[in-house]
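See structure below.
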There are 2 protein chains.
Amino acid sequence: MAAYDHPAPATFELTLVLRALADPARLEIVRHLARVGEANCATLIGTRPKSSMSHHFQVLRDSGILRTRIEGVQHRNSLRREELDTRFPGLLTAVLNVP
Amino acid sequence: MAAYDHPAPATFELTLVLRALADPARLEIVRHLARVGEANCATLIGTRPKSSMSHHFQVLRDSGILRTRIEGVQHRNSLRREELDTRFPGLLTAVLNVP
DNA sequence: TGCCTTGTTCGAATTTTGCCGAACAATATG
DNA sequence: CATATTGTTCGGCAAAATTCGAACAAGGCA
């Protein structure tokens with residue numbers, strides 16, 4: 001599998017990021033990653049099927065919220081905190097601070 | 001026209017707020033209100049028909065982002081900044097700070 | 001090679017969302 | 001009362017998002 005395309009911070013779009021965060025499943029993924037730092041997809045799958053989760057990861061990736069690093073057969077995801085904070089200061093922090 | 005129902009800050013839902021903000025038209029409304037403080041609906045209508053705007057105002061109202069005060073025949077809208085900031089500290093500020 | 005694991009892609013069904021004209025409600029004003 | 005102003009509500013339609021099974025791709029390992 002070839003590496004993913006990740007958008008550059010300069011091309012992040014606020015509405016895309018907000019839309020990506022405005023979904024319970026994706027918000028859960030983001031919160032989990034904030035706790036554990038890095039995780040592969042399987043770890044983050046709850047009751048939803050793989051294909052649904054794969055879709056959510058793509059939405060998060062395309063908006064710039066997370067990056068996916070391929071390590072063998074696993075895809076390791078982590079938040080792009082610094083880059084996101086550079087482009088949208090305080091946004092991700094505010095979202096993550098909500099109980 | 002009877003007064004609107006505005007949700008109490010304790011019942012604000014993050015996903016609702018994010019979804020409300022994740023639309024270009026609504027984001028424009030929010031930004032405009034941040035500049036002028038208070039405005040009636042007509043002032044905020046650009047090229048879209050009234051019915052579309054009315055829908056967007058309702059979404060923003062239901063999520064807790066703005067309040068609508070009825071003054072005669074006009075509906076005056078303003079951001080619920082303090083209440084929003086109490087429930088989701090830094091969120092609206094972060095969104096408004098994006099150029 | 002054969003098999004298992006991990007995750008993507010495809011296709012289709014369902015749901016949600018946005019859009020807008022037309023009709024309506026409420027208030028103000030002549 | 002008649003009319004104009006301000007916005008809402010309704011209904012249908014179009015576009016977009018979500019969901020998920022099934023098939024596929026790629027790597028690791030016996």
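We name chains A, B, ... by the order of the sequence lines, and we start the count at 1 in each one.
In this structure, A/L14 is a member of the same hydrophobic cluster as A/L66, with clusters built from ILVMFWY side-chain heavy atoms closer than 4.5 Å. Under the 4.5 Å side-chain heavy-atom criterion for grouping Ile, Leu, Val, Met, Phe, Trp and Tyr, A/V95 is connected to A/V98 within one hydrophobic cluster.
D/dT5 atom C1' lies 15 Å from atom CD1 of B/I70, rounded to whole Å. Straight-line distance from the NE2 atom of B/H75 to the P atom of D/dT5: 16 Å, rounded to whole Å. The CE atom of B/M53 sits 13 Å away from the C1' atom of C/dG18 (whole-angstrom rounding). Distance, B/F57 CZ to C/dG18 C1': 16 Å, rounded to whole Å. Distance CG (A/D5) to P (C/dT8): 14 Å, rounded to an integer number of Å. A straight line from CG of B/L44 to C1' of D/dT6 spans 13 Å, rounded to a whole angstrom.
Between B/R26 and B/E28 there is no salt bridge, since none of the side-chain N atoms of the basic residue sits less than 4.0 Å from a carboxylate O of the acidic one.
For the residue pair B/H6/B/R67, the side-chain donor-acceptor check at 3.5 Å is not satisfied.
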Checklist outcome for this item: Heavy-atom contacts, protein to nucleotides 16-29 of chain D, under 4.0 Å, summarised as B (base), S (sugar-phosphate only) or - (none) per nt, yield -SSBBBB---BSS-
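Of the side-chain N and O atoms in B/N40, one or more sit less than 4.0 angstrom from OP1 or OP2 of D/dG7. Listed pair A/Y4 / C/dT8 meets the phosphate criterion, a side-chain N or O lying under 4.0 Å from OP1 or OP2.
Side-chain contact check for A/L79 versus A/L84: every heavy-atom pair is 4.5 Å or farther apart.
Of the listed nucleotides (D/dT9, D/dG7, C/dG7), D/dT9 has the atom at the smallest distance from the side chain of B/Q58.
Checked against the 6.0 Å centroid criterion, the rings of A/F57 and A/H75 do not qualify as a close aromatic pair.
Within the 4.0 angstrom heavy-atom criterion, no nucleotide atom of any strand lies near B/R69.
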